[in-house]
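Worksheet: one structure, shown below.
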Number of protein chains: 2
Amino acid sequence: MSTTIEAQEQVKEVFSRYLEQNNQRKTPERFAILNEVYESDDHFDVETLYLSMKEKNYRVSRATLYNTIELLLTCGLIRKHQFGQNQSFYEKSYFNKQHDHVILSDTGEVFEFCDPRIENIKKTIEEVFNVEVESHSLYFYAKKKQDLNQK
Amino acid sequence: MSTTIEAQEQVKEVFSRYLEQNNQRKTPERFAILNEVYESDDHFDVETLYLSMKEKNYRVSRATLYNTIELLLTCGLIRKHQFGQNQSFYEKSYFNKQHDHVILSDTGEVFEFCDPRIENIKKTIEEVFNVEVESHSLYFYAKKKQDLNQK
DNA sequence: CTCAATGCAAATCATTTGCACACCC
DNA sequence: GGGTGTGCAAATGATTTGCATTGAG
């Protein structure tokens, strides 16, 4: 589901507050980018974002994209992923509970899942190493199961 | 522990067999690289490997390093990691059971752990998505716990 | 007005590629 | 000997950076 209008407003509010509290300027570019990010639902890379904004005749430089994405990351409005080997992927993270990913190695499809048992592992880690876990990333690389009934 | 002589031999044997079966040449460079990789115990990146071989007066080009590392990956003698954002890290994986990593965000230290519960999650994933999981990667990003008794 | 943010182009840096030469099979 | 592997240097491609200009506060 694409983000609703009210939700969009709420997210804008969060970003706005973040910018204020950190003495960052509220430029139109930053909000345009936030908007674009929250309008779609998929994982995206910077190039795709750049092109889709250009297509809508909203020109922002790649430099600004990278800059703004950095801000959105720090204020928790998006998450970053290393799916492939080179470029990073991102996804919006507000109204969106922490989840992990299954990646199909053949097609590149990405599924999301959420398993509470990861929390238990985390707790153990914190005790064993005497650390405070701030985040985690878990990826399963898989392939579709062979259909045994096929010709 | 650094790999023992007999173990080194065994690894060499594995690589040798792999090369044969895939009609790849057994060049001295390839074995020198395998050797270098198995002589140390840490996670390493390509540049470090390059420099440490150069230091021992064994000159291989970076191109050959990347090429050989690709081979070692496919035959399962090393594993690849994306710890930071840019370059990849590797570690030898023979005689070395599958494990995951805790990364301290402040110091960059890397700990290894092995939690059997990840296997259970994996099984669930396979059932839910009807896939066959080939591998996974799990990282916890953490920071050292504040010592509450300090001044 | 002032300084931080933007856009552009150039710089970076890990990795890849093209090509001439070397050497494994 | 023939063709794959190597080394070198140039190419690539995502991200970063420098700098002149713009515009938010």
Side-chain angles (χ1 to χ4, degrees), chain A residues 12 15-37 43-75 78 80-90 108, chain B residues 12 15-37 43-54 56-75 78-90 108:
Chain A
K12 207 172 291 181
F15 193 34
S16 193
R17 214 173 309 144
Y18 170 80
L19 292 174
E20 273 170 33
Q21 294 176 349
N22 292 74
N23 291 315
Q24 298 273 348
R25 294 190 178 161
K26 301 183 187 176
T27 67
E29 287 83 358
R30 289 177 173 175
F31 285 97
I33 293 167
L34 175 66
N35 231 41
E36 187 64 29
V37 165
H43 303 94
F44 60 92
D45 56 29
V46 173
E47 194 57 20
T48 309
L49 190 58
Y50 177 75
L51 291 175
S52 75
M53 292 191 74
K54 184 189 238 177
E55 202 167 295
K56 295 177 183 172
N57 289 311
Y58 201 107
R59 281 182 164 286
V60 271
S61 69
R62 270 171 263 256
T64 303
L65 280 177
Y66 281 105
N67 171 2
T68 303
I69 280 178
E70 195 54 43
L71 292 173
L72 293 173
L73 275 174
T74 0
C75 74
I78 60 176
K80 184 176 194 167
H81 298 287
Q82 284 306 137
F83 289 145
Q85 227 41 238
N86 7 24
Q87 91 264 49
S88 298
F89 279 78
Y90 304 87
Chain B
K12 206 173 292 183
F15 193 34
S16 192
R17 213 173 311 143
Y18 170 80
L19 292 174
E20 274 171 30
Q21 293 176 350
N22 292 74
N23 292 313
Q24 299 272 350
R25 292 188 181 164
K26 301 183 187 178
T27 67
E29 287 84 357
R30 290 178 173 174
F31 285 96
I33 293 168
L34 175 67
N35 231 42
E36 187 63 28
V37 165
H43 304 97
F44 59 92
D45 56 28
V46 173
E47 194 57 20
T48 309
L49 190 58
Y50 176 74
L51 291 176
S52 75
M53 292 191 74
K54 184 189 239 176
K56 296 179 182 170
N57 289 312
Y58 200 108
R59 282 181 161 286
V60 271
S61 68
R62 271 172 262 258
T64 302
L65 280 177
Y66 280 107
N67 171 1
T68 303
I69 280 178
E70 194 54 43
L71 292 174
L72 292 174
L73 275 174
T74 358
C75 74
I78 61 177
R79 293 197 199 96
K80 184 176 195 168
H81 297 289
Q82 283 306 137
F83 289 146
Q85 227 40 238
N86 5 24
Q87 91 262 48
S88 299
F89 279 78
Y90 304 86

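Chain letters run A, B, ... following the sequence lines, proteins first, then strands; residues in each count from 1.
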Audit row: I69(A), V37(A), side-chain contact (heavy atoms from CB on, under 4.5 Å) steps and yes/no: CA-CA 10 Å; I69(A) 280 178; V37(A) 165; 5.8 Å; no
Do S88(B) and H81(B) come within less than 4.5 Å of each other through their side chains, counting heavy atoms only?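 A side-chain contact is absent here, since even the closest heavy-atom pair is not under 4.5 Å.
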Taking the side chain as every heavy atom from C-beta outward, state whether M53(A) and L65(A) have any pair of such atoms under 4.5 Å apart.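 Yes; the side chains approach each other to less than 4.5 Å.
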Quickly work out the [X] [atom1] to [N] [atom2] distance and round it to whole Å.
X	N	atom1	atom2	answer
M53(A)	dG7(C)	CE	C1'	14 Å
I69(A)	dT16(D)	CD1	P	10 Å
F31(A)	dG23(D)	CZ	C1'	15 Å
N67(A)	dT22(D)	CG	P	19 Å
L65(B)	dG5(D)	CG	P	16 Å
N22(B)	dT4(D)	CG	P	15 Å

Nearest non-hydrogen partners of A32(A) and Y58(A), listed with the distance: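 What the structure gives for the nearest pair is CB-CZ, 3.6 Å.
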Among residues at least two apart in sequence or on other chains, which ones pass salt bridge (Lys or Arg N to Asp or Glu O under 4.0 Å) with R25(A)?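 In terms of salt bridge (Lys or Arg N to Asp or Glu O under 4.0 Å), with neighbours along the sequence ignored, R25(A) is linked to no residue.
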If you compare every side-chain N and O of R30(A) against the phosphate oxygens of dA5(C) (OP1, OP2), does one of them come in below 4.0 Å?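 Indeed, a polar side-chain atom of R30(A) lies that close.
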Would you please confirm or rule out a distance under 4.0 Å between OP1 or OP2 of dA4(C) and any side-chain N or O of N23(A)?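 Checking N23(A) against dA4(C): no side-chain N or O falls below 4.0 Å of OP1 or OP2.
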S61(A): partners by side chain to side chain donor-acceptor pair (under 3.5 Å), with sequence neighbours left out: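 So S61(A) forms a side chain to side chain donor-acceptor pair (under 3.5 Å) with T64(A).
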Could you tell me which residues satisfy side-chain contact (heavy atoms from CB on, under 4.5 Å) with N22(A), sequence neighbours excluded, listed by chain and number?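 side-chain contact (heavy atoms from CB on, under 4.5 Å) list for N22(A), sorted by chain: Y18(A), Q24(A).
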Over its full length, what angle do the end axes of the helix from dC1(C)-dG25(D) to dC25(C)-dG1(D) make, each axis taken from five pairs and the result rounded to 10 degrees?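 Roughly 30°, once rounded to the nearest ten degrees.
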How does each nucleotide of nucleotides 10-25 of chain C score, in 5' to 3' order, for protein heavy atoms under 4.0 Å: base (B), sugar-phosphate only (S), or none (-)? ----SBBB------BS
Assign the ring pair F83(B) / F89(B) to parallel, tilted or perpendicular, where the plane angle (0 to 90°) is split at 30° and 60°.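 Tilted: the ring planes of F83(B) and F89(B) meet at 30° to 60°.
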Tell me which pairs pass salt bridge (charged side-chain N to carboxylate O under 4.0 Å, His left out) where either residue lies in residues 56-72 of chain A, with sequence neighbours left out.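 Applying salt bridge (charged side-chain N to carboxylate O under 4.0 Å, His left out) to every pair that reaches into residues 56-72 of chain A, excluding sequence neighbours, yields E36(A)-K56(A), E39(A)-K56(A), E47(A)-R62(A).
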